[in-house]
Structures are given as structure tokens and as C-alpha cells.
Amino acid sequence: MADVIAIDGPAASGKSTVASKLADALQIPYVNTGNMFRAVTRAAQAAGITTAEACTDENFAPVLAGLQMAYKRNSDGVFDLEVNGEFPGAALRAPEIAKLVSPVATVGSVRSFLKELQRSFAANGMLVMEGRDIGTVVFPDAKWKFFITATPEERARRRLAQSGENVSGATLEEVARGIAERDRIDSTRAIAPLRPAEDAEMIDTTGLSIEEVVSRILNKVKA
Ligand code: DC
């Protein structure tokens, strides 16, 4: 079994906050796989791939060939995604990236490239890995699996309250539409669609505090 705590769930479900607090509490690395898809999207856009129609294996071959990614401690001592020697950090939350990332995540070669990398991270000891397909595809043998959800209204409210990813002046309805579209693409794609693993514990975080969710997971892991 892989020594991995797999946390999956839809966009803006609160899983990143929960996963990073959990990793802090356990003092183990936290890998945000959404950021890896975002980093590929950023590199693709820099190479002129800017539409869903252009998201093909052929177009992504040179993009993937030029990408070196690793999780390393940044200057604050926190594990963070390094791309070609730099930490892109908040740049990955840009609205243009959020718009194209779901189409990019349907490309087979992108998914296999990232899956191999994600699996390699577990060679160095226990970690928390968060995404859409961690419990189903990347680590089907993870020791712990959680699927975090919240109602669409709650998720739109949470996303609107975050800085970075929203187009400035966006309304709750626009944010909700954007999330619904990401959910639609993520859960209907042919390869590794968003869905809970059969053996995942479902946690609906609507009305729960972050601390409540983290302590529920911690209790399970420590047991
Ligand atoms: O978690 P996030 O919103 O940063 O993820 C961005 C996109 O990346 C998401 O809409 C779909 C894709 N993704 C994926 O397909 N598989 C993962 N394990 C993580 C993210």
C-alpha cells in the first residue's frame, strides 16, 4: 500500500486548505496536483496553445519535453512546486490559467506525464496528495482516501472570497458558472474523470469549519 493520504474533490471544495493543514499537522509534504496541471497550462499558453481545440497530444509533445517539475522547499521552507528552476507560486492561480486548465487536463499525454511524476514523489516517504484522481488512478492503493465536497453554492461563495483566481468584479453567478463548467469537463472526460474511489470516505464540508474537517481526517489517519 502507498503511504499516501489521497484527497480528491471538485473545484473550490476546500480540499487544498484541508490538505495543507493536514500535512502541517503531520509534518509531511503536501503535493497539490492541480498546480501541476496549472503549470503545464501556463507553459502551453506561453507556447501559443490557448484554446480547448488546441489541447491535443501532438501539440503538447514539445511543451512536456521542455518541462522539469519537482516539489521542493521554497525560500519559506514550505514544500512547493518548482518548474524549470523557479517557483511560480501565485502565478498559477491566474484567471487565464483557470479557464484553460480543465481542457488541458483531458489530454492523455499530459495525464500520463504527471501521473508518473506524482507516483515518484511517494518514494521519499509519507505525503498528502490532493487532486481529482489520486484515489482512483494515481494511488489506487493509497492507505487513506478522502473525497471532499460542498454544495455548489458554498463552493462559489468560497471561491469568490479567495483572491487571485477570479476575474476582477466577478459576480457570485459568474463564479458559480465557471466552477460548474470545470466540474462538467473534469467529471465527463474519458481519462481519469473526477469521481470518488469506491473505498474513499466522503466528507461534505458544507457548514463544517476547516478545523473540523482536518481533525476528522487526523483521527482516522492516527487510528
Ligand atoms: O485543484 P485545481 O482547481 O487547482 O485543479 C485545476 C484543474 O486541474 C482541474 O480543473 C482539473 C485538473 N486536475 C486533474 O485533472 N487531476 C488532478 N489530480 C488535479 C487537477
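Order of appearance sets the numbers: ligands from 1, and atoms from 1 within every ligand.
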Side-chain heavy atoms under 4.5 angstrom apart, residues restricted to Ile, Leu, Val, Met, Phe, Trp, Tyr: same cluster for [X] and [Y]?
| X | Y | answer |
| --- | --- | --- |
| Phe87 | Met36 | no |
| Val63 | Phe37 | yes |
| Ile210 | Leu218 | yes |

Taking only heavy atoms of [X], which atoms of ligand 1 are found under 4.0 Å from at least one of them?
| X | result |
| --- | --- |
| Arg189 | 14 (C), 15 (O), 16 (N) |
| Val101 | 6 (C), 7 (C), 8 (O) |
| Lys15 | 1 (O) |

Would [X] and [Y] count as having a side-chain donor-acceptor pair, cut-off 3.5 Å?
| X | Y | result |
| --- | --- | --- |
| Tyr71 | Glu82 | no |
| Arg93 | Asn35 | yes |
| Ser16 | Glu130 | yes |

Considering only non-hydrogen protein atoms, determine which one is nearest to [atom] and report residue, atom name and distance to 0.1 Å.
| atom | answer |
| --- | --- |
| atom 12 (C) of ligand 1 | Ala105 CB, 3.6 Å |
| atom 16 (N) of ligand 1 | Arg111 NH2, 3.0 Å |
| atom 19 (C) of ligand 1 | Thr33 OG1, 3.3 Å |
| atom 4 (O) of ligand 1 | Arg38 NE, 2.7 Å |
| atom 18 (N) of ligand 1 | Asp133 OD1, 2.8 Å |
| atom 17 (C) of ligand 1 | Arg132 N, 3.3 Å |
| atom 3 (O) of ligand 1 | Arg182 NH2, 2.5 Å |

Any N or O on Ser102 sitting closer than 3.5 Å to an N or O of ligand 1?
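So ligand 1 has an N or O lying under 3.5 Å from an N or O of Ser102.
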In this structure, does ligand 1 have an atom that sits under 4.0 Å from one of the heavy atoms of Gln118?
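The answer is no, since Gln118 has no heavy atom less than 4.0 Å from ligand 1.
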Partners meeting salt bridge (Lys or Arg N to Asp or Glu O under 4.0 Å) with Arg177 (sequence neighbours left out)
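Arg177: no salt bridge (Lys or Arg N to Asp or Glu O under 4.0 Å) contacts found.
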Heavy-atom nearest neighbour of atom 20 (C) of ligand 1 within options Ser187, Ala98, Gly34
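Comparing heavy atoms across Ser187, Ala98, Gly34, the nearest one to atom 20 (C) of ligand 1 lies in Gly34.
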Kindly check if the number of other-residue, nucleotide or ligand heavy atoms within 6.0 Å of CD (Glu211) is above 12?
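Counting neighbours around CD of Glu211, more than 12 heavy atoms of other residues, nucleotides or ligands fall under 6.0 Å, so yes.
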Listed partners of Arg158 passing side chain to side chain contact (heavy atoms under 4.5 Å, CB included), at least two apart
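Per chain and number, Arg158 pairs via side chain to side chain contact (heavy atoms under 4.5 Å, CB included) with Ala150, Glu154, Thr205.
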